Amino acid sequence: MAIYLVTGAAGFIGRSIAAALLARGEKVRGIDNFIAGKRSNLDGLEAMEFIEGDLTDPSTCAKACEGVEIVFHEAALASVPRSVADPVTTNRHCVDATLNLLVAARAAGVRRVLYAGSSSVYGDSPTLPKHEEMIPAPISPYAVAKLAGEQYMRAFYRVYGLETVVLRYFNVFGPYQDPTSHYSGVLAIFCRKMLAGEQPSIYGDGEQSRDFTYIDNVVHANLLAAAAPAEVVAGQMMNLATGTRITLNDTFAILQDLTGYSGKPAYQEARSGDIRDSLADIRLAEKLLGYKAVVDFREGLSRTVEWYRSIV
Ligand code: UD1
């Protein structure tokens with residue numbers, strides 16, 4: 001039986017992919033160093049073999065890849081502001097870790113590596129929607145690091161034939177996303193604060209927009225990418241989103257409805273490294289994977305609010 005390795009298995013996206021694989025009866029190994037991941041995210045994943053370890057250590061990567069057929073590489077320090085504050089640490093955990101993992105995967109005879117890419121690589125170009133043929137123009141250290149990881153994926157396919165697939169995620173949100181750090185995704189922060197009756201901050205004028213992608217869509221696309229024929233997906237890179245966008249101000253208004261919070265946001269200075277608008281062209285994923293968003297933004301937001309409500 002194939003073994004699936006999920007890196008960042010105690011993180012929001014990693015644990016969601018691991019849970020879906022386990023639900024299908026697959027054999028899953030997870031690894032996490034708990035820098036961004038949380039032990040409580042492993043609740044419900046008891047059937048997963050778990051390694052506490054850091055991918056910056058090559059011998060840990062070798063151990064993690066032993067006997068593995070497919071890797072879902074979700075481990076990262078997924079934050080723009082964190083990378084602005086400490087670019088070296090972001091580079092270590094996004095770039096060095098990815099290269100070590102690829103070297104170990106190749107040595108262990110892993111067949112396919114799926115990589116959590118990031119929409120941040122498009123930078124602040126005004127062209128919308130962002131399509132894969134655009135030349136990347138990262139503006140934060142985080143985006144540079146995620147792009148380097150992508151390029152390693154493609155190089156490992158070109159030079160060693162390792163089947164790598166890059167999925168460029170656009171602002172993923174949903175249950176299990178950590179709402180407690182100021183490096184957290186905006187929707188996790190808003191949900192937690194508004195449910196607690198605390199005033200959220202909006203950086204800038206709130207008219208920035210995002211293609212917010214509910215976690216089930218990301219899990220769905222990853223499972224499709226894992227199963228797709230090599231001749232269709234190996235060496236490919238594609239956007240993973242919904243193909244729609246919404247401003248923070250409009251999102252705030254929907255969240256007022258869903259949470260019952262009646263206050264106003266506190267507008268603060270725009271954040272350094274932020275981009276203005278983000279919207280994905282998702283035609284390539286539709287074509288290569290047969291991908292279609294399975295949960296739309298409003299439904300996803302409503303499920304997310306209910307989940308945060310259930311944990312307080
Ligand atoms: C970026 C990347 C994304 C990456 C993520 C990791 C882009 C388009 N996306 O997302 O690929 O996975 O970083 O963190 O570059 N905000 C507030 N109030 C808050 C928190 C955030 O107004 O309390 C604002 C931010 O200034 C930003 C927007 O909300 O304008 C979204 O922020 P965030 O959720 O951190 O994600 P991005 O920076 O868009």
Side-chain angles (χ1 to χ4, degrees), residues 8 11-14 35-36 73-87 90 93-94 115-130 134 136-147 149-150 166-174 177-194 196 198-215 218 237 239-242 245-253 255 261 264-281 297 301 304:
F12 153 55
I13 299 177
I35 294 180
H73 181 36
E74 312 302 313
L77 289 183
S79 165
V80 170
R82 182 174 203 147
S83 78
V84 173
D86 183 358
T90 290
H93 289 286
C94 292
Y115 174 74
S118 167
S119 58
S120 58
V121 302
Y122 289 111
D124 212 3
S125 106
T127 308
L128 291 180
K130 312 289 185 199
M134 288 169 66
I139 55 174
S140 67
Y142 171 70
V144 171
K146 291 308 285 186
L147 181 60
E150 271 193 12
V166 172
L167 300 172
R168 280 187 180 163
Y169 302 163
F170 281 64
N171 293 79
V172 187
F173 72 100
Q177 190 170 31
D178 177 16
T180 57
S181 149
H182 63 280
Y183 296 136
S184 298
V186 64
L187 298 186
I189 294 174
F190 279 13
C191 287
R192 187 194 69 73
K193 287 201 165 167
M194 292 167 84
E198 294 169 23
Q199 185 181 37
S201 294
I202 288 188
Y203 303 127
D205 63 5
E207 285 305 300
Q208 65 265 53
S209 61
R210 294 291 184 271
D211 191 336
F212 288 112
T213 307
Y214 186 63
I215 182 68
V218 172
M237 170 271 288
N239 291 338
L240 176 42
T242 68
R245 71 184 165 117
I246 182 162
T247 66
L248 271 193
N249 286 330
D250 288 345
T251 305
F252 182 86
L255 279 173
Y261 179 80
K264 296 211 171 330
Y267 287 94
Q268 318 261 2
E269 203 181 314
R271 207 166 67 176
S272 135
D274 245 20
I275 62 144
R276 181 76 181 168
D277 296 305
S278 180
L279 170 69
D281 182 330
F297 176 67
L301 201 53
T304 304

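Start at 1 and go down the list; that is how both ligands and their atoms are numbered. Just so it is clear, the structure is predicted and the values come from calculations on it, not from any experiment.
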Mind checking whether [X] and [Y] have side chains closer than 4.5 Å, heavy atoms only?
{"X": "I215", "Y": "F12", "answer": "yes"}
{"X": "F252", "Y": "V186", "answer": "no"}
{"X": "Y267", "Y": "N249", "answer": "yes"}
{"X": "R271", "Y": "V84", "answer": "no"}
{"X": "C191", "Y": "F173", "answer": "no"}
{"X": "P200", "Y": "R192", "answer": "no"}
{"X": "T127", "Y": "Y122", "answer": "no"}
{"X": "K146", "Y": "Y169", "answer": "no"}

Is there a nitrogen or oxygen of [X] sitting under 3.5 Å from a nitrogen or oxygen of ligand 1?
{"X": "Y183", "answer": "no"}
{"X": "I189", "answer": "no"}
{"X": "V186", "answer": "yes"}
{"X": "Y203", "answer": "yes"}

Got the closest protein heavy atom to [atom], with its distance?
{"atom": "atom 9 (N) of ligand 1", "result": "S119 OG, 3.3 Å"}
{"atom": "atom 30 (O) of ligand 1", "result": "D274 OD2, 2.6 Å"}
{"atom": "atom 39 (O) of ligand 1", "result": "R210 NE, 2.6 Å"}
{"atom": "atom 6 (C) of ligand 1", "result": "A78 O, 3.1 Å"}
{"atom": "atom 1 (C) of ligand 1", "result": "V80 CG2, 3.6 Å"}

Worksheet item: Is the shortest distance from a Lys or Arg side-chain nitrogen in R276 or D205 to a carboxylate oxygen in the other one below 4.0 Å?
Response: yes

Roughly how far, to the nearest 0.5 Å, is the [atom2] atom of [Y] from the [atom1] atom of [X]?
{"X": "D86", "Y": "S79", "atom1": "CG", "atom2": "OG", "value": "11.0 Å"}
{"X": "L77", "Y": "Y183", "atom1": "CG", "atom2": "OH", "value": "10.0 Å"}
{"X": "L279", "Y": "L128", "atom1": "CG", "atom2": "CG", "value": "5.5 Å"}

Considering only heavy atoms of [X], which atoms of ligand 1 have at least one such atom less than 4.0 Å away?
{"X": "I202", "answer": "22 (O)"}
{"X": "G185", "answer": "34 (O)"}
{"X": "S118", "answer": "3 (C), 4 (C), 11 (O)"}
{"X": "N171", "answer": "8 (C), 9 (N), 10 (O), 36 (O), 37 (P), 39 (O)"}
{"X": "S79", "answer": "6 (C), 14 (O)"}
{"X": "Q208", "answer": "30 (O)"}
{"X": "S278", "answer": "8 (C)"}

Quick one: does ligand 1 sit under 4.0 Å from the side chain of [X], the backbone, both or neither, non-hydrogen atoms only?
{"X": "L248", "value": "side chain"}
{"X": "Y142", "value": "side chain"}
{"X": "K146", "value": "neither"}

Worksheet entry | Member of D281, D211, D277 meeting the salt bridge (Lys or Arg N to Asp or Glu O under 4.0 Å) criterion with R245 |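 So the option named by the test is D277.
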
Practice prompt. Tell me which one of R271, R82, Q177 gets a heavy atom nearest to atom 38 (O) of ligand 1.
Written response: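 Comparing heavy atoms across R271, R82, Q177, the nearest one to atom 38 (O) of ligand 1 lies in R271.
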
Response to the item:
Looking only at non-hydrogen atoms, the one of S120, S201, A280, A270 nearest atom 18 (N) of ligand 1 is S201

